[in-house]
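Report on one structure; see the data block that follows.
Residue numbering restarts at 1 for every chain, and letters A, B, ... go by the order of the sequence lines. Just so you know, these numbers use all the heavy atoms, side chains as well, and skip hydrogens, waters and symmetry mates.
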Amino acid sequence: MGLTGLLAADPTQLLPAREQMAFTLGFHIIVVPFGTALPFLMMVANYRGLRYADRDALLLAERWSKVAAVLFAVGAVSGTVLSFEMGLLWPGLMGRFGAAYGIPFALEGIFFFLEAIFISIYIYGWKRLRPWPHFWSGLPVVLAGVGGTASVVAANGWMNLPGGVTVRGGRVVDVRPLEVFFNRAFWYEFLHMFLAAYIVAGFVVAAVYAVGLLRGRRDRYHRVGFLIPFTIAAVVTPVQVLVGDLVAREVFHREPVKFAAMEALQHTRDHVPETLGGVVVDGKVRYGVEVPDLASLLAGFSPATRVQGLDAVPPADQPSQHLVNVVHLSFDIMVALSLLLLALVGWFGLSWWRRRDLPPSRWFLRGAASSGVLAVGALETGWIVTEVGRQPWTVVGLLRTVDAVTTHGNVWLFFTGVLIIYMAVGAGTVLVLREMHRRWQAQDDVVVPYGPPERGSPAREAVPP
Amino acid sequence: MSDAAAAILLTGILLYVVFAGADFGAGLWGLTAGGLTRGRQPRAFMEAAIGPVWEANHVWLIFSLVVAWTSFPSAFAAAMTTLYAPLGLAALGIVLRGTGFAFRRVVIRSEQQRVASAAFEVSSIITPFFLGTVVGALASGRVPAQGGGDALRSWTGATSLLAGGLAVSASATLAAVFLVKDARLRGVVGLQSYFARRARASAAVVLVLSLVGLAVLSHDAHRLTTRLLGRGLPLLLLALVAGLGALLLLRAGRPWVAPLLAVVAVASLVLAWGIAQYPYVLGTHLSIAEAAAPRPTLVSVAVIFGAALLVCVPSLTLLYVLHQRGRLVEP
């Protein structure tokens, strides 16, 4: 199906609105782990630094906090755009369900606030607060990251399995806030996303130091900089694989349509094979590799487990074929990337157990250097499964995406503006991070958004001694 | 309960106007500070002043948006489907502003600094202006209850342009008054008079805009004017007195007096708008009670707001105190 087909299938507003939402959310979700999980890495390094008088670890903690500050600033603005877009692109959702959907976001505001305040205190506190109080000033940042993730995921979970609302005549007449927040998808989605953030932050940071090690900077600083994030990611990855398996089973029970799309399963049946890769063309899966009975086994621990196919859904509510393909392939890519990462941390674990050292092979470092990209890939594809797997619904069973989208204004124009500015922001972010990297290599100090002015700056000169 | 939610929303907007206003103004003064060399000192000074608090201030906008869509979903959707143009431009301005500011602190090459500064400073005017036009459109009743109002004329009326101009000039005044205080606290004599001149100039603009504005307003939004001059009058007078007081005490008395008076002045203007519009969310066609979400939602918003105050006020105070005491500044 080509672009013209897409345009013909959807009202004109739907395509740009969805693309814009996907683009801005896809951008924002990469930054999120550095607001929620990087502060944890930074505190681990800070603790090591103080507890064992480890100057390398302290320096790492300080630098990571500055990276967190820059990315937090980027995340704050891209998050603000999202809150505008909620209304500008999806007035149908906000107008009809804002009373329920908004509650988790209102709560998220508190956590966002705490994060912004304490990341500021923490960064300013380097060398200005006493070491241990300074360390503890980082804790609210980590806790706010947990709360913030929970709130946003609660809102997302509510769209997948809405609860806690009474709708009469198309209007929300009653809301039960706790049921809205702790909806039936909340716990598994939250756990999955929370761990994903730690995995992404861990591998991305470790990858930076893996590159350094590959380039022959085999000093202690680079070793510690690699080991702290990689070890955390190595502990979380196997847990995530188990949790992911659990989530898939919950989705099988609670969101059967999404599960059918993930498996690209057309007809309800038992002995369902696990289809690896492949695309659905005219109702049949082509080019995929089938592992007999595996999908049934994974879903219900028995080859006889019946799995609902897409044909169980009334034709009007069925996701289109190309969306099924997007969900199915994204799911496969997410699983494949996670298993690759699992193999990498398995290699690391084995080597550490036998020799108390990293695997000596350069191939391990090459793998570690690419682990950040792989982890981001898994995060993005996983998010696509959740979001696209819900279509054609915005709120499953209650609101179609077609009815949520705005009918006013030229969304293409807004989208173009957003694209241009985000490209500039993305390029600027990379540029700034490279600049920080370059100056740290030259043992220079770096000034960051929340930090104090640099030494020798006019603002400093303005302060009398 | 719906009135309580409206009060919370107005509080959020008020806090945003006051705190973020000072931030926006600092960007505006950066724009007039001159080239990289000449403007280096005032820019660096402003940067140091807003550095640690700019993002925390900004959270009030997100808070207000969330409270608006949660407590008054249909009115929110109506505003969004009518005022998407200024809101979209404000959103883009916010991105440019935040990243421009964040990046400017890190980059060192002058052409990169120039680009980042320009992004930050230009958007420091764009954003408050367009947000101001949105307020003007709401206040003059140009947003229909069903949404989808005139895409251009809804926010280009006299009330909107006035509100946009007021938002920019009041931000500039707030920022200049705060910067005079900072300059006094740090004993930088040159910058005291530098920012004091700017405070007076921008305050004069606010005053002229307000007086001319009242005349324009009576044609453009008659009901709003009657109410502003009726039940809103005490607040308008308070704004006038506090504003003049701030200017008079700019470099006399304790350093904090003038900024506090300036905050009172701006806050009274916002409150006057709120009171003039009460009990309606949109024009005279959608009342607060009609637009409100079901009661449990409003209770949740109130509880969350209470919790936010309990958690954030102490931590924000800690940040401001540490900032002002210079504990966070190099000893």
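Contacts between B:S315 and chain A at a heavy-atom distance below 4.5 Å involve backbone atoms as well as side-chain atoms. Both the backbone and the side chain of A:S83 come within contact range of chain B, judged by heavy atoms closer than 4.5 Å. Using a 4.5 Å cut-off between heavy atoms, B:A307 touches chain A through backbone and side chain atoms alike. Neither the backbone nor the side chain of A:S78 comes within less than 4.5 Å of any heavy atom of chain B. Looking at A:V425, both its backbone and its side chain come within 4.5 Å of chain B, counting heavy atoms on both sides. A:I421 touches chain B through its side chain: at least one heavy atom from C-beta onward sits under 4.5 Å away, while N, CA, C and O do not. Of the atoms belonging to A:F118, it is side-chain heavy atoms, and not backbone ones, that fall under 4.5 Å from chain B. For a residue to count as touching a neighbouring chain, one of its non-hydrogen atoms must lie under 4.5 Å from one of that chain's; by this rule B:L65 touches chain A with the side chain only. When heavy atoms are compared at a cutoff of 4.5 Å, B:V95 approaches chain A by way of both its backbone and its side chain.
More than 12 heavy-atom neighbours from other residues, nucleotides or ligands sit within 6.0 angstrom of CG on A:L419.
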Determine whether B:W60 and A:F113 satisfy the following criterion, side chain to side chain contact (heavy atoms under 4.5 Å, CB included), listing intermediate values before the conclusion. CA-CA 9 Å; B:W60 289 116; A:F113 229 134; 3.4 Å; yes
Does the side chain to side chain contact (heavy atoms under 4.5 Å, CB included) test come out yes or no for B:L61 and A:F84, once each step is laid out? CA-CA 10 Å; B:L61 173 65; A:F84 272 85; 3.9 Å; yes
Q.
Would B:W69 and A:F105 count as a ring-ring contact (aromatic ring centres under 6.0 Å, His included) here? Give the steps.
A. CA-CA 10 Å; B:W69 85 48; A:F105 283 111; 5.6 Å; yes
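Rounding to the nearest 0.5 Å gives a distance of 10.0 Å between CZ of A:F111 and SG of B:C312. Within the model, atoms CD1 of B:I94 and OG1 of A:T80 stand 6.0 Å from one another, a figure rounded to the nearest 0.5 Å. Taken to the nearest 0.5 Å, the CG atom of A:L89 stands 10.0 Å off from the CE atom of B:M80. To the nearest 0.5 Å, atoms CD1 (A:I103) and CD1 (B:I304) are separated by 6.5 Å. Taking CG of B:L92 as the start and OH of A:Y422 as the end, the distance is 8.5 Å to the nearest 0.5 Å. One finds the CZ atom of B:F76 at 9.5 Å from the CE atom of A:M86 (value rounded to the nearest 0.5 Å).
At least one side-chain heavy atom of A:L114 sits under 4.5 Å from a side-chain heavy atom of B:V311. A 4.5 Å side-chain heavy-atom check between A:T406 and B:Y84 finds every atom pair outside the cut-off. At least one side-chain heavy atom of B:P294 sits under 4.5 Å from a side-chain heavy atom of A:V172.
B:T297 places a side-chain N or O within donor-acceptor distance of the main-chain N or O of A:A99, the cut-off being under 3.5 Å.
Per-residue counts of heavy-atom pairs under 4.5 Å with chain A were compared for B:S71, B:A308, B:A183; the largest is that of B:A308.
Checked against A:L88 for a side chain to side chain contact (heavy atoms under 4.5 Å, CB included), the options B:T81, B:L87, B:L83 give a single hit: B:L87.
Here the shortest heavy-atom pairing between B:A77 and A:G95 reads CB-CA, 3.6 Å.
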